[in-house]
Each structure stands twice: as structure tokens, then as C-alpha cells.
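Structure first, commentary second.
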Amino acid sequence: EAYGTSYKWSPRDFELGSALGQGKFGHVHVAREKKTGYLVAIKTLFKSQITRSKCERQVLREIEIQSHIKHPHILRLLTWFHDERRIYLVVEFAAGGELYKHLTNSPKGRFPEATAAKYIYQVVDAVEYCHQHHVIHRDIKPENILVAYNGDLKLADFGWSVHAPSERRKTMCGTLDYLPPEMIKREVYDVSVDHWCIGVLLYEFLVGKPPFESEGQDKTYARILALDLVYPSHVPEGAKDLISKLLRPSSKDRLSLDAVKKHYWVQQFHNNDV
Ligand SMILES: COc1ccc(C(=O)Nc2ccccc2)cc1NC(=O)CCSc1ncnc(N)c1Br
């Protein structure tokens, strides 16, 4: 491409546009690279914040992790640069926006079977790639998944990914609906937390809300630990079979990601568009 890897990027190379995700992802703006017209998303992290929260090493390790991840269903960290006060992360722009909005705007507030199967295949493909690079995403939920211009999913917002295995506390910010039992019980966990989240995600794709959603944190926790979920009658048998093999209390009983991709309910749709 026009720029070798030694090119020193700076804010002057970009025209900043509107804010993305309304602050949910931090300071993120769509931006146009001046010479190519290429659209990107630029996330700004303030050095003062990072220094204060003693996260320098974490941020640099994060960026290090990101720079090596290249996958069609994972939002790319294209480059990064900093000035005296800020760190700028230049990430791929997902023109389809947040998956969450597509879910809530769908006719019945849920995805058709074929869409859910296509999407879960792409998420599993991306997560399998992360695991092969010893990265646990740990925050797989519709809010953290974006849609590309061509309708493909992009796993995004890696503010929390860590190297496996880990028991680093995850502050309980955001939804609790996706927490697996071992994280609620604060036990040591491994990559299979992501398998659980994929089960929750598939349920939400097909039903329009997560399986253990309740008023209040304690009720949600109780339902997760009791595996207290019901399937509306419209959920197809094959999907129920797959979800039930992912939402297993014991992490070693959860279906492997390869087996998810090969599951008959997924395969029946995947072959069509290959
Ligand atoms: C590869 O994508 C990332 C890589 C890293 C980080 C990150 O925060 N790292 C980090 C944060 C704190 C400390 C250490 C690392 C974040 C992202 N991604 C994002 O923030 C998503 C921005 S929102 C958006 N992006 C594109 N298209 C859209 N339509 C939207 Br809406």
C-alpha cells in the first residue's frame, strides 16, 4: 500500500467525523484518511487516564495483541500513534454499525434462523482464531459486535481481552447476562468462558433477549447458576440442541468451537452460502 510500515501517522492525516457508538466505546469517531479517502474509526485514549489507572503496560500489551490479530470477522486495529496527551487507535470502520441495533430493529426483534446460523458461524470462527492465539475475548455480546458494509460480523471492542488462562477480576460493568457460572463464582476460568457466551449469544439471536435476563443482579445470577432457561416454541429443535451443548455449568462439558461449526443446525445453512 501507499504507506510503508515505517510511515509516521499523525492526527493531521485524518479528517475527523461524527462520534460513533455515542460514547459507549469511549471517544470513537469516524474519520477519513485524507490522501486515500479511506474511512476508519479512531479511538482516542487519554494518557492521563491511563497513567492514573496505572494501565500503561495493559494498554501496550492490548495494542500488541491487537496488532497481530488479522481475521475477516474481527475488527482490525489498522495502526496507532500518540501525541503528548493522547493515544490514537485507528481501527477498521464497520459501516453497518452495531449488531445490537440490527437485532432490535429486526421484524420480530429477533433474527431469522438462517441469519442467526450465519452470524453464529462467523462469531465462532473469530473466537476460534482468538483462542488459537491464546486470547480469551470474555466479552462476547451483541453490543461488542459490529456489522461490516457487506453484512459480515466483526468482533470489536477489545478493551477486556486477556491472555489465557486468567482469573483477573472483570469489573461487573455492563450486562451480567453473559457471565458464565465460573466467573460468577470467581473461579479460575479458561477459554471455555467464550463457549458459554456463544450459547447465550445464539439464544439472544433467536429469541431477541438473553436466556437468564431478570430484574436485578441476584435473580440473573441465580438463574445462571441454576441453568434456569426456557425456549419459546418458535426456537428450532436443532438450535435448542446446540445451545444446550454450550450452556453447560461445567466448562469441560461445553461443545468445542469446531463441533459448533460442524453442528447439523449450523451446517444446514452454512453450505448454502459457501
Ligand atoms: C480493533 O478494535 C479495537 C481495538 C482496541 C480497542 C480498545 O479499546 N483497546 C484498549 C482500550 C483500553 C485499554 C487498552 C486497550 C477498541 C477497539 N474497537 C473499538 O473500540 C470499536 C469502536 S466503535 C466502532 N468501530 C468501528 N466501526 C464502528 N461502526 C464502530 Br460503532
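All ligand and atom numbering here is 1-based and tracks the order in the structure.
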Any carboxylate oxygen within less than 4.0 angstrom of a Lys/Arg side-chain nitrogen, looking at [X] and [Y]?
X: Asp83; Y: Arg85; value: no
X: Glu64; Y: Arg61; value: no
X: Lys209; Y: Glu204; value: no
X: Arg223; Y: Asp228; value: yes

Could you list the atoms of ligand 1 found under 4.0 angstrom from a heavy atom of [X]?
X: Val59; value: 13 (C), 14 (C)
X: Glu92; value: 26 (C), 27 (N)
X: Val91; value: 1 (C), 2 (O), 3 (C)
X: Ala41; value: 25 (N), 26 (C)
X: Val28; value: 22 (C), 23 (S)

State whether the number of non-hydrogen atoms from other residues, nucleotides or ligands found under 6.0 Å of Tyr149 atom OH is greater than 12.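 Check fails, neighbour count at 12 or below.
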
Taking side-chain contact (heavy atoms from CB on, under 4.5 Å) as the test, write out the residues that go with His29, two or more places apart.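 side-chain contact (heavy atoms from CB on, under 4.5 Å) check on His29 returns Leu16, Ala19.
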
Test of understanding: with side-chain contact (heavy atoms from CB on, under 4.5 Å), list the residues that count as partners of Lys261, not counting sequence neighbours.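 For Lys261 the side-chain contact (heavy atoms from CB on, under 4.5 Å) partners, ignoring immediate neighbours, are Tyr121, Val124, Asp125, Glu128.
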
Could you see which bit of Leu89 sits under 4.0 Å from ligand 1, with heavy atoms only: side chain, backbone, both or neither?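 Just the side chain.
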
Applying a heavy-atom cut-off of 4.0 Å, say which part of Ile74 lies close to ligand 1: side chain, backbone, both or neither.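 Under 4.0 Å from ligand 1, Ile74 contributes no heavy atoms.
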
Ala156, any N or O under 3.5 Å of ligand 1 N or O: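 In fact, backbone or side chain, Ala156 has no N or O that close.
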
Can you confirm, on distance only, whether ligand 1 has an N/O atom lying under 3.5 Å from any N/O atom belonging to Gln58?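 The answer is no, given that Gln58 and ligand 1 share no N or O pair closer than 3.5 Å.
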
